[in-house]
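Here the structure comes first, spelled out in structure tokens, and everything after it is commentary.
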Amino acid sequence: MSSSIKQPNVITCKAAVAWGAGEALVMQEVEVSPPHPQEIRIKVVTTSLCRSDLSALDSHAIFPRIFGHEASGIVESIGEGVTEFQEGDHVLTVFTGECKTCRQCMSGKSNMCQVLGLERRGVMHSDQGTRFSINGKPVYHYCAVSSFSEYTVVHTGCAVKVSSAAPLEKICLLSCGLAAGLGAAWNVADISKGSTVVIFGLGTVGLSVAQGARIRGASQIIGVDTNPEKCDKAKDFGITEFINPNDCNEPIQQVIKRITDGGADYSFECIGDTGMITTALQSCCDGWGLTVTLGVPKVKPEVSAHYGLFLSGRTLKGSLFGGWKPKSDLPSLVDMYMNKEIQIDEFITHNLPFEEINKAFELMREGKCLRCVIHMPK
């Protein structure tokens, strides 16, 4: 190899490191390794806080760890064998990759990549190692992204090249929550014009489902949430009726059946509560009622439902990242945003500097934000 080719070095930068369940993140210096073969090192520009970051931080996960997975940035250096990216490219990170060669990627039916799927052990897909360290000791990754750091290393299959004209501080939302909701409405449920829809949980994902349903021409989009403050905001995304279960004298599924003439065509569980999956199933109609679950439960992962709900024709489907193949499909969502066909800006309720990342976690815990975008130092 020619000695004139510049080899990337270890970078020392600031990261927000989690040292224990539920503890505040600690801003400290970490060493970031050069990218290995088929990896790229990214200078993170913005990263938004997703509820799964909060859930994972509060769980008894692997520590020390750098969370964050919904992010945008600029390629700083590339590893051996990388031809798809070059230094200076604008990218989105993705928590589930696309190798384009495994059975799932080749099927045309799925985005469940067998090579670069959801990484749960805090390491890189390629060698089960980490690219972060403090004083020579490993710091673990989250979803093979770890964007709560000024620099991070990801596999090329977990990054998506995007137009440099697209604002990175907005489109970072497409790397998880917003795309997940739109995809659940369009790819998984395939909502039809004139249909009735009920959405349980009106956070970013639920409101993205609402936006997708509105764009598809649903005639009735019912939003269910226990936070009354979400009512007005929800209408901006297409919710036609808001129901707070705490204000109802009867089970919420009975209310929905009454106002939809026997149940909704589609119901979406966007909370991460397996009990609500049963309620969502009971809220959709006989014959063709379809329930899609998008939430990630923190407790009680098992789903229970009376077999009669299925015998009468209902379907329950799961959805990861809205069925999108990230590398193949995300650029078209960026184009839709640039053409003003989908809303992103309206989901951003707060913009904070990196050093205030713990404030973003507080806002999410208190239910005071949709998406909080964290801006890295220039």
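We're numbering straight along the sequence, starting at 1.
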field: Distance-only side-chain donor-acceptor flag, Q38 / S126, under 3.5 Å
entry: no

field: I215 side chain reached by Q211 side chain, heavy atoms, under 4.5 Å
entry: yes

Straight-line distance of F132 CZ to Y140 OH, nearest 0.5 Å: 13.5 Å

query: Yes or no on ring pair (Phe, Tyr, Trp, His ring centres under 6.0 Å) for F148 and F67, after CA distance, side-chain angles and deciding distance?
result: CA-CA 6 Å; F148 295 164; F67 286 101; 7.4 Å; no

Show every donor-acceptor pair shorter than 3.5 Å between a side-chain atom in residues 172-185 and any protein atom, with sequence neighbours excluded, or say none if there are none.
unit_1	atom_1	unit_2	atom_2	d
S175	OG	A71	N	3.0
S175	OG	T93	O	3.4
S175	OG	C172	O	3.1

message: Taking ring pair (Phe, Tyr, Trp, His ring centres under 6.0 Å) as the cut-off, I'd like each qualifying pair that reaches into residues 216-241, sequence neighbours left out, listed once.
response: F237-F347

Single hit among T291, I256, I222, I277 for side-chain contact (heavy atoms from CB on, under 4.5 Å) with F200: I256

task: Look at the rings of W324 and W186 and say which category their plane angle falls in: under 30° parallel, 30 to 60° tilted, over 60° perpendicular.
output: perpendicular

- prompt: Side-chain contact, heavy-atom cut-off 4.5 Å: Y266 with V292?
  reply: no

M106 reachable from L320 in the ILVMFWY side-chain graph, under 4.5 Å edges: no

query: Given side chains that start at C-beta, do those of F321 and L330 come closer than 4.5 Å, heavy atoms only?
result: yes

field: Pairing of D225 and K233 as salt bridge, 4.0 angstrom limit
entry: no

query: So do H125 and V115 actually touch side chain to side chain, heavy atoms under 4.5 Å?
result: no

message: Show me the pairs that pass salt bridge (charged side-chain N to carboxylate O under 4.0 Å, His left out) and involve residues 121-146, at least two apart or across chains.
response: E39-R131, E119-R121, D127-R131

query: With the threshold set at 4.0 Å, does a side-chain nitrogen-carboxylate oxygen contact exist between E150 and K14?
result: no

query: What's the spacing between L363 CG and T349 OG1 if we round to 0.5 Å?
result: 7.5 Å

message: Measuring from atom CD of Q343 to atom OH of Y337, what distance do you get when rounded to the nearest 0.5 angstrom?
response: 10.5 Å

message: According to a hydrophobic-cluster definition based on side-chain heavy atoms being under 4.5 Å apart (Ile, Leu, Val, Met, Phe, Trp, Tyr only), do I344 and I239 belong together?
response: yes

- prompt: Just wondering, do M376 and T47 contact through their side chains at under 4.5 Å, heavy atoms?
  reply: yes

message: As a quick check of understanding, evaluate side chain to side chain contact (heavy atoms under 4.5 Å, CB included) for V153 and V32, giving each step before the final call.
response: CA-CA 8 Å; V153 175; V32 186; 3.9 Å; yes

- prompt: Is there side-chain contact between L309 and Q282, with at least one heavy-atom pair below 4.5 Å?
  reply: yes

message: Counting C-beta onward and ignoring hydrogens, is there a side-chain heavy-atom pair between L25 and L57 closer than 4.5 Å?
response: yes

Check: C13 and V30 side chains under 4.5 Å, non-hydrogen atoms: yes

